[in-house]
Student: 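This is the structure I want to talk about, given as structure tokens.
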Protein chains: 2
Amino acid sequence: MTLALPDMICFALYSATHAMQHVYKPLLDDLGLTYPQYLVLTALWEQDKQTVGALGRQVQLDSNTLTPLLKRLEERGVVTRTRDDRDERQVNITLTDAGRALQGRAAHIPACVLEKSGLSLEDLTRLRDQITTLRDHLRGA
Amino acid sequence: MTLALPDMICFALYSATHAMQHVYKPLLDDLGLTYPQYLVLTALWEQDKQTVGALGRQVQLDSNTLTPLLKRLEERGVVTRTRDDRDERQVNITLTDAGRALQGRAAHIPACVLEKSGLSLEDLTRLRDQITTLRDHLRGA
DNA sequence: TGCGATTAAATCGTATGCGATACATATAGC
DNA sequence: GCTATATGTATCGCATACGATTTAATCGCA
């Protein structure tokens, strides 16, 4: 049995993710951020000063992806990277003033995405929860 | 207003897509395929001999991604790439015997994914349609 | 205390994605 | 028929993703 692309749930997720990033692109270009960088900053706006590992657990990325990404954010002056005093294996990521300032400039983005989605907030919330449930099943949780 | 990661529909899609690809990984490793390569072959199993552009419209990728991907599939002996006689701008992608043979070796994959999803076929189908609707809205269709 | 096992980041190699551009062929309008 | 435009691929540069390995620091336990 071979399913065609439109029948595959995996392709629905794959293409919807790309469509979503396409919506974010012009909004994030204004802030000079890429989409994964925006996710990392979202985690830091919620809780500042986190280790690379802690950030990775939230955005589901490992240090092989995060380290270069965080170095680019550091070069842009958005975060600082400092070795932890207690445990020198860990690197703490901290927002700079410029990094905190980006939160305000990004505040309008969720409403833009909601509008582009063409769905009500209720429908979108319900869909989000279903997708999250599927993800957790796939992860074997 | 700033949403936290777990509240964001975009992050649900993003992380679910990664989780899905993680499920496919060991299944596709057996076939020596990457996930996007598998999507392209799925389109070719449905309809052989398609141009780069036609494949791109189905998998939602442009030639900048497809050309190197198709060259790798050609190197593996899975497809052939030949200029069209009528219109030399176009390149026809055709399955080889080895490429067609992969369809049988991939036939068990949908059932594996269904099982890992932890959802019924009905629920999964309904979810797929909702995600597809969201995607089409985001694309501005 | 000392040393093997574990942990946290970083590094390396390969394969996407994608914006921007280049190149070749085909088409349209005169 | 000739040229301007349009179309289909390919190329280039940059930023993810991620498996595998490396390096440095900490921990566990005899």
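All values derive from a computational prediction rather than experimental measurement. Lettering follows sequence order; numbering is per chain, from 1.
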Student: Among the nucleotides C/dA15, D/dT26, D/dT9, which one has an atom lying closest to any side-chain atom of A/Glu88?
Tutor: D/dT26

Student: The side chain of B/Thr65 is closest to which nucleotide in this list: C/dT16, D/dT16, C/dT25?
Tutor: C/dT16

Student: Check this one for me: any side-chain N or O of B/Thr51 less than 4.0 Å away from OP1 or OP2 of D/dT9?
Tutor: yes

Student: Hey, which of these two, A/Leu61 or B/Asn92, hits DNA chain D nearer its 5' end, going by closest nucleotide?
Tutor: B/Asn92

Student: Mapping B/Val52 and A/Asp85 to their closest nucleotides on DNA chain D, which lands nearer the 5' end?
Tutor: B/Val52

Student: Is there a donor-acceptor pair closer than 3.5 Å between any side-chain N or O of A/Arg135 and the backbone N or O of B/Ser15?
Tutor: no

Student: Salt bridge (charged side-chain N to carboxylate O under 4.0 Å, His left out) between B/Glu74 and B/Arg81: does it pass, once the steps are laid out?
Tutor: CA-CA 7 Å; B/Glu74 186 183 36; B/Arg81 299 164 60 247; 3.3 Å; yes

Student: Closest-nucleotide mapping onto DNA chain C: is B/Gln60 or B/Arg76 further toward the 5' terminus? I mean the 5' end.
Tutor: B/Arg76

Student: Whole Å only: how far is the CG atom of A/Asp29 from the P atom of D/dC14?
Tutor: 16 Å

Student: Separation of B/Leu28 atom CG from C/dT16 atom C1', in whole Å?
Tutor: 14 Å

Student: Among C/dA8, C/dT11, D/dA17, which nucleotide has an atom closest to any side-chain atom of A/Gln90?
Tutor: C/dA8

Student: Given C/dT16, C/dT11, C/dA8, which nucleotide is nearest the side-chain atoms of A/Arg89?
Tutor: C/dA8

Student: Heavy atoms under 4.0 Å, any strand shown: does A/Leu66 hit a base, just sugar-phosphate, or nothing?
Tutor: nothing

Student: Over how many whole Å does the gap from B/Gln21 atom CD to D/dT16 atom C1' extend?
Tutor: 12 Å

Student: Which whole-number value in Å describes the distance from B/Tyr24 OH to D/dG19 P?
Tutor: 17 Å

Student: Is it true that, when you exclude B/Glu46 itself, more than 12 heavy atoms of the residues, nucleotides or ligands shown sit nearer than 6.0 Å to its CD?
Tutor: no

Student: Can you see if the side chain of A/Tyr14 gets near the phosphate of C/dG17 - specifically, an N or O under 4.0 Å from OP1 or OP2?
Tutor: yes

Student: What's the closest nucleotide to the side chain of A/Thr67 if the choices are D/dA17, C/dG19, C/dT11?
Tutor: C/dT11

Student: Establish, with yes or no, whether the OP1 or OP2 oxygen of D/dA10 is under 4.0 angstrom from a side-chain nitrogen or oxygen of B/Ser63.
Tutor: no

Student: Checking B/Gln58 against B/Gln50 for the side chain to side chain donor-acceptor pair (under 3.5 Å) test, could you report, in this order, the C-alpha distance in whole Å, the side-chain angles of both residues, the deciding distance, and whether it holds?
Tutor: CA-CA 11 Å; B/Gln58 290 176 75; B/Gln50 298 195 54; 2.5 Å; yes

Student: Just the rounded figure in Å: distance from P of C/dC18 to OH of A/Tyr35.
Tutor: 13 Å

Student: In whole angstroms, how far is the P atom of C/dG17 from the CG atom of B/Asp62?
Tutor: 13 Å

Student: Can you tell me how far P of D/dT9 sits from CG of B/Asp84, to the nearest Å?
Tutor: 9 Å

Student: Rounded to whole angstrom units, what separation is found between the CZ atom of A/Arg57 and the P atom of C/dA8?
Tutor: 7 Å

Student: Look at the side chain of B/Asp48 and the backbone N and O of B/Leu95, then say whether any donor-acceptor pair between them is shorter than 3.5 Å.
Tutor: yes

Student: Using only side-chain N and O atoms of B/Lys25, determine if any of them is under 4.0 Å from OP1 or OP2 of C/dA15.
Tutor: no

Student: For A/Lys71 and C/dT11, is the shortest distance between a side-chain N/O and OP1 or OP2 below 4.0 Å?
Tutor: yes

Student: For the residue pair B/Arg128 and A/Pro6, what are the closest heavy atoms and their distance?
Tutor: CD-O, 3.7 Å

Student: By nearest heavy atom, map A/Asn64 and A/Asp87 onto DNA chain C; which one lands nearer the 5' end?
Tutor: A/Asp87

Student: Closer than 4.0 Å, any side-chain N/O of B/Arg81 to the OP1 or OP2 of D/dA10?
Tutor: yes

